[in-house]
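In the text below, chain A, chain B and the rest are named by the order of the sequence lines, each starting its count at 1.
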There are 2 protein chains.
Amino acid sequence: MNSSPRRGRRPGSPDVRAEILAVARARFRREGYDAVTMRSLAAEAGVDAALISYYFGSKAGLFAAVLELTLSPADLLGGLLQGDLETLPQRLIPTLVRTWDNPDTGVPLLAAMRAAASDPGFAAMLRDGIHRQLVERLAERIGGADAHRRAGAFVTQVGGLILTRYVIAAEPLASMTADEIVRALGPALRTALLGPLPTARRTS
Amino acid sequence: MNSSPRRGRRPGSPDVRAEILAVARARFRREGYDAVTMRSLAAEAGVDAALISYYFGSKAGLFAAVLELTLSPADLLGGLLQGDLETLPQRLIPTLVRTWDNPDTGVPLLAAMRAAASDPGFAAMLRDGIHRQLVERLAERIGGADAHRRAGAFVTQVGGLILTRYVIAAEPLASMTADEIVRALGPALRTALLGPLPTARRTS
DNA sequence: TACCGTAGTTCAACCGTGATGAATTCTTCG
DNA sequence: CGAAGAATTCATCACGGTTGAACTACGGTA
């Protein structure tokens, strides 16, 4: 009934919510979603476990908040899309590898992938995010009738890189350098993006 | 003390172990690893929950037994590797799509992927399987200095297809037909496998 | 035949998980 | 100062996988 925005107790100690978020971010990063329990997390943050549900609704809600805080996958693409499409693969791959190899950004991303693999709700979030922020923006940049198909193919290839190198960590990709990956995958990525070279098109 | 292999009670009801395995296979297929509880599974199989631990050690052990029973991913590759490498993509993709679209084989495969994404032990199993049964056999078939790099690139692309279409179900790949996928990904797969067309090789 | 070892089976608990609701403290407004 | 409401604590719930102790039935052995 009262229009004043906040009433009641303000905490003397500043922002418990932020404290939980900070600890959760570090723990999820280091140990993944399942391994982190709400109780241990609350203990480390020095708060009661019930506060996590109070502030974030559930453990999944907390995880979503951490992701939202940490990730902005579309930002990377912005600058890259400005340049020449021909060279997009060799510009994208090093950036991507740097992002995923850096624990600060890579481990949350990996955690997001893992969560999406097990929880249908997270999968839907990731699916929408990929489609809206990556596929459609890329398709717009490509233009033409095949744009969506090519964008989808390109994103698929990038997904393969992430799956193979980071989620499964399968050789030989897991231990390649960024340059080697560019050499190994660059041509295929370019083909996905722009189609086979016109002079050599095959009718199949 | 006694050299005879088995003594003691033979069960009157035939093979409880097999019964558990059959029920587990159906349930895991339909509902995935996490959603199936040992208690409900035991109830459906008409046995005590402790018997699962008794026979399979743990829930993960049961899952591994189900996978071993169901999957033989390398079999597919055998025939395909016989043919021309040039046409491997357009022969592989329809087979792959058929296998993953068919619930009998696809859902266990998907369950295996999901399990590998969350459990490091399963991830190691999958990693070794991919490397030993897919990458190395493909590399051997390709031959030459670049064989491993190309095989790795190829398997990566295929992984991308699986991740995008089946694990995340992201558009536009999720609703393409096999033919459309061949058109969208075929050229890139061919490039990964055989390198860019020689006449158009670029220096950078 | 009587016994005994053991595999198969059951039952009851243990411990740890995320979640919930009532009670309690503290801060701010009227 | 009181009342209201947010922040916090506590006890408890239902459920998960797992464990160990009992109990049962069968086959080999004395």
Side-chain angles (χ1 to χ4, degrees), chain A residues 1-24 27-28 31-66 111 114-115 118-122, chain B residues 1-24 27-28 31-66 111 114-115 118-122:
Chain A
M1 305 315 167
N2 198 323
S3 60
S4 70
R6 323 192 223 161
R7 261 191 308 194
R9 176 174 184 252
R10 295 282 112 47
S13 59
D15 237 347
V16 174
R17 191 193 139 98
E19 173 66 16
I20 294 173
L21 211 47
V23 173
R27 297 284 308 276
F28 281 143
E31 305 163 41
Y33 183 76
D34 285 334
V36 173
T37 78
M38 296 177 73
R39 283 174 167 83
S40 76
L41 199 142
E44 187 176 333
V47 303
D48 189 278
L51 277 184
I52 298 177
S53 294
Y54 178 72
Y55 279 114
F56 300 95
S58 66
K59 189 186 180 185
L62 171 62
F63 186 68
V66 168
R114 299 210 145 110
S118 48
D119 185 296
F122 289 142
Chain B
M1 322 304 165
N2 197 322
S3 62
S4 70
R6 320 193 225 161
R7 265 189 309 192
R9 178 173 183 251
R10 295 283 111 47
S13 60
D15 233 347
V16 176
R17 191 192 138 100
E19 173 66 15
I20 294 174
L21 210 48
V23 174
R27 296 285 307 277
F28 281 143
E31 306 163 39
Y33 183 76
D34 285 334
V36 174
T37 77
M38 295 178 74
R39 283 176 167 86
S40 76
L41 198 142
E44 187 176 334
V47 302
D48 190 279
L51 275 184
I52 300 177
S53 293
Y54 178 72
Y55 278 114
F56 300 95
S58 67
K59 188 186 182 185
L62 172 61
F63 186 68
V66 168
R114 298 210 146 111
S118 47
D119 184 297
F122 288 142

### Query
Taking atom P of D:dG16 as reference, at what distance in whole Å does atom CG of B:Leu62 sit?
16 Å
### Task
Give one of base, sugar-phosphate or nothing for B:Ala49, where a contact means two heavy atoms less than 4.0 Å apart.
nothing
### Task
Counting heavy atoms from C-beta on, name the nucleotide in C:dG18, D:dG16, C:dT10 closest to the side chain of B:Leu51.
C:dT10
#### Entry: First encountered from the 5' end of DNA chain C, between A:Lys59 and B:Val47
B:Val47
### Query
Rounded to whole angstrom units, what separation is found between the OH atom of A:Tyr54 and the C1' atom of C:dT24?
14 Å
### Task
Grab the CE-P distance between A:Met38 and D:dC15 for me, whole Å please.
18 Å
### Task
Specify the residue among A:Ala50 and B:Tyr33 whose closest nucleotide of DNA chain D lies further upstream toward the 5′ end.
A:Ala50
### Task
Ignoring backbone atoms, establish whether B:Tyr55 has a side-chain N or O less than 4.0 Å from OP1 or OP2 of C:dT9.
yes
### Message
Using the side-chain heavy atoms of B:Thr37, tell me which of these nucleotides is nearest: C:dT17, D:dG17, D:dT8.
### Response
D:dG17
### Task
Give a yes or no answer on whether the side chain of A:Tyr33 reaches the backbone of A:Ala60 with a donor-acceptor pair at less than 3.5 Å.
yes
### Query
A:Asp34 CG to C:dG16 P: how many Å, rounded?
17 Å
### Query
Would B:Asp48 and B:Tyr54 count as a side chain to side chain contact (heavy atoms under 4.5 Å, CB included) if you check the C-alpha gap in whole Å, the side-chain angles of each, and the deciding distance to 0.1 Å?
CA-CA 10 Å; B:Asp48 190 279; B:Tyr54 178 72; over 6 Å; no
### Task
Calculate, to the nearest 0.5 Å, the distance between atoms CZ and CG belonging to A:Arg27 and A:Leu41 respectively.
5.5 Å
### Message
Between C1' on C:dT17 and CG on A:Leu41, what's the gap in Å once rounded to a whole number?
### Response
14 Å
### B:Ile52 CD1 - C:dT10 C1' separation (whole Å)
14 Å
### Task
Grab the CG-P distance between A:Asp15 and D:dA6 for me, whole Å please.
16 Å
#### Entry: Flag side-chain contact, heavy atom, 4.5 Å: A:Phe56 against A:Leu21
yes
### Message
Measuring from atom NZ of A:Lys59 to atom CZ of A:Phe28, what distance do you get when rounded to the nearest 0.5 angstrom?
### Response
5.5 Å
### Query
Which nucleotide in the set D:dT8, C:dT17, C:dC11 lies at the smallest distance from any side-chain heavy atom of B:Asp48?
C:dC11
### Query
For the pair made of CZ in A:Arg17 and C1' in D:dA6, what is the distance, rounded to whole Å?
15 Å
### Query
Do A:Arg39 side-chain and C:dG18 base share a donor-acceptor contact under 3.5 Å?
yes
